[in-house]
Amino acid sequence: MSEQAFDLVVIGGGPGGYVAAIRAAQLGMKVSVVERAHLGGICLNWGCIPTKALLRSAEVFRLMQHADAFGLSAVSPAFALDKVVARSRAVAAQLQAGVKHLLKKNKVTVVEGHGKLAGKGQVAVEGGSTLSAKHVIIATGARAKVVPGLEPDGELVWTYKEAMTPKVFPKSLIVVGSGAIGIEFASFYQALGCQVTVIEMMDRVLPVEDEEISALARKAFEQQGMKILTSASVKGLKKGKDQVTVSVETGGGTSDITAERVLVAIGVSPNIENIGLEETGVALEKGRIKTDAMMRTNVTGIYAIGDVTAPPWLAHKASHEGVICVEAIAGLNPHPLHPRSIPGCTYAHPQVASVGLTEKMAREAGHEVKVGRFPAMGNGKAIALGETDGLVKTIFDAKSGELLGAHMIGPEVTEMIQGYCIARTLETTEAELMQTVFPHPTVSEMMHEAVLDAWGRAIHF
Ligand SMILES: Cc1cc2nc3c(=O)[nH]c(=O)nc-3n(C[C@H](O)[C@H](O)[C@H](O)COP(=O)(O)OP(=O)(O)OC[C@H]3O[C@@H](n4cnc5c(N)ncnc54)[C@H](O)[C@@H]3O)c2cc1C
């Protein structure tokens, strides 16, 4: 049994926890991170990063298959699944090592093991040591959500972990859930030649996105051969030797779909068990740790950030909350995070990205709106890239010119959305966006044109 004293102890070393720890160290605090599995959390090891590495392989494969469209030839493009997976794991490992290095550089003490609140200012780490600190941040993240009847078995019924490290490439796959995680895997497997069926309970794919973007995404995915069932719910699942039959209820009745594997991607559950919440009286809201704008819980000295708190469950939101939290602890006056200024991205083909209100939300909130649209077909760079499936849509308040929301589908939109995020942070109006010079030829010119279009001034369409 040993006891060590810190200014701040962070339980969980994901993008919420490790970023909070580094920022706190920069502010002069003596910091420890307790991590039970792997530094970098789900994001670096089993989420954001390894999926993007897989999707990159899928993208290169797709380009090779369409080489002739570019005047090139690639004879019988093929892939080696083990090498595709190995590259993805190597990318994750590289970044995990990077986080370890960054924490060391910032003199953050990493303690391995399961951490648990153990009274005021105390964190007990499995294996014996106790850490004391005036401030404790809970950054324990989340895991794949499991619902009765759809329990993953690691063989036929997958979570994202098995989908990320398949031993054999399935000829057919059912993806339950069409949020970003489900759609990214659907896109990866479909691109490599698997017959993918997506089952979505809501009436459209990527249900958090603007309806118009959801519809375009569905059209593009179906053109690639994906089967998509919306307003559909899984009623049961029967496992065979090397296949699964899923019973699906839609408006038209119940039918059976059989595939070699099923991926359940219906959301995440917060890691709130066995971390001493009940004993310390930390309050929950809708099953997540309740915090205020500075990420304080109801118990003095205990804070929570990232996936263990309210949605959206995204890495950049977790990191941002970590910074706000420690800056507030340090007595600075950080700007609270506005939920409508957190961008969301889906790295499928085509990509989808958005920030702010959808058109429907803006109208329902009582705004008189001006909506601008610009299709990739009208953009020179998109045509040169051979990526003409796309649209940029902007939603402005007609009176104030405030950019209420921006929604995009098409090439590199996950890189471009940041432009509109900056615009929202700076509270720019349509006039400043129109005055901004966009480089030519770039896909980003679509962003300019979509603003111009909202005021009837688009040039190239
Ligand atoms: C397949 C997939 C793809 C994703 N893609 C994206 C994406 O493209 N972009 C995006 O923004 N987000 C993406 N996400 C979501 C993103 O991974 C999470 O939002 C992010 O990881 C949350 O960060 P966090 O720090 O809150 O939690 P986590 O990353 O979950 O980290 C929590 C850490 O705490 C540790 N821990 C838990 N309990 C304890 C304990 N009691 N003691 C010690 N350690 C503990 C865990 O081992 C883990 O390392 C994806 C998620 C998945 C599953």
Testing the basics here: between [X] and [Y], what is the closest heavy-atom pair and its distance to 0.1 Å?
X: Ile395; Y: Leu357; answer: CD1-O, 3.7 Å
X: His316; Y: Pro343; answer: NE2-O, 2.8 Å
X: Val248; Y: Ala232; answer: CG1-CB, 3.7 Å
X: Gly17; Y: Val33; answer: O-CG2, 4.4 Å
X: Ala139; Y: Val10; answer: CB-CG1, 4.2 Å
X: Ala191; Y: Phe61; answer: O-CD2, 3.5 Å

Val234 vs Val147, side-chain contact (heavy atoms from CB on, under 4.5 Å): CA-CA, chis, key distance, verdict: CA-CA 11 Å; Val234 174; Val147 291; over 6 Å; no
Is there side-chain contact between [X] and [Y], with heavy atoms separated by less than 4.5 Å?
X: Lys290; Y: Asn298; result: no
X: Arg36; Y: Asn271; result: yes
X: Phe374; Y: Leu452; result: no
X: Glu321; Y: Lys317; result: yes
X: Ile409; Y: Pro350; result: yes
X: Val84; Y: Leu54; result: yes
X: Glu59; Y: His349; result: no
X: Ile42; Y: Tyr160; result: yes

Just how far is it from atom [atom1] of [X] to atom [atom2] of [Y], taken to the nearest 0.5 Å?
X: Glu402; Y: His367; atom1: CD; atom2: NE2; answer: 6.5 Å
X: Tyr189; Y: Leu173; atom1: OH; atom2: CG; answer: 7.0 Å
X: Leu39; Y: Leu103; atom1: CG; atom2: CG; answer: 6.0 Å
X: Arg363; Y: Leu404; atom1: CZ; atom2: CG; answer: 11.0 Å
X: Tyr347; Y: Ile181; atom1: OH; atom2: CD1; answer: 12.5 Å
X: Leu391; Y: Ile213; atom1: CG; atom2: CD1; answer: 5.0 Å

NZ/NE/NH1/NH2 to OD/OE distance under 4.0 Å, Lys381 and Glu445: no
Please check if the side chain of [X] supplies one atom and the backbone of [Y] the other of a donor-acceptor pair under 3.5 Å.
X: Thr394; Y: Ala450; value: yes
X: Thr346; Y: Ala348; value: no
X: Asp307; Y: Pro270; value: no
X: Thr425; Y: Cys421; value: yes
X: Glu327; Y: Pro334; value: no
X: Thr309; Y: Ile305; value: no
X: Ser172; Y: Gln195; value: no
X: Gln223; Y: Phe221; value: no
X: Arg89; Y: Thr165; value: no

Geometric class of the His135/Tyr303 ring pair [parallel <30°, tilted 30-60°, perpendicular >60°]: tilted
Intermediate values then yes/no, side-chain contact (heavy atoms from CB on, under 4.5 Å), Glu430 and Leu403: CA-CA 7 Å; Glu430 90 292 354; Leu403 177 66; over 6 Å; no
Name every donor-acceptor pair, under 3.5 Å, that has one atom in a side chain of residues 432-439 and the other anywhere in the protein, sequence neighbours excluded.
| from | atom 1 | to | atom 2 | distance (Å) |
| --- | --- | --- | --- | --- |
| Glu432 | OE1 | Thr429 | N | 2.7 |
| Glu432 | OE1 | Thr429 | OG1 | 3.4 |
| Thr436 | OG1 | Glu432 | O | 2.7 |

Side chain to side chain donor-acceptor pair (under 3.5 Å) pairs, two or more places apart, involving [range]:
range: residues 450-461; answer: Glu449-His460
range: residues 229-238; answer: Arg218-Thr230
range: residues 404-422; answer: Gln351-Thr414

Working for side-chain contact (heavy atoms from CB on, under 4.5 Å), residues Cys325 and Ile137: CA-CA 8 Å; Cys325 182; Ile137 300 179; 3.7 Å; yes
Side-chain donor-acceptor contact under 3.5 Å, Gln65 with Arg62: no
Thr258 side chain to Gln243 side chain, donor-acceptor N/O pair below 3.5 angstrom: no
Step-by-step side-chain contact (heavy atoms from CB on, under 4.5 Å) determination, Leu117 to Leu277: CA-CA 7 Å; Leu117 297 166; Leu277 295 184; 4.1 Å; yes
Does [X], at its [atom1] atom, have more than 12 non-hydrogen atoms belonging to other residues, nucleotides or ligands within less than 6.0 Å?
X: Met202; atom1: CE; result: no
X: Met294; atom1: CE; result: yes
X: Phe461; atom1: CZ; result: no
X: Arg56; atom1: CZ; result: no

Option from Val136, Leu27, Val31 for which side-chain contact (heavy atoms from CB on, under 4.5 Å) with Leu8 holds: Val31
Which residues share a salt bridge (charged side-chain N to carboxylate O under 4.0 Å, His left out) with Arg373, sequence neighbours left out: Glu212, Glu359
Salt bridge (charged side-chain N to carboxylate O under 4.0 Å, His left out) partners for Glu273, two or more places apart: Arg143
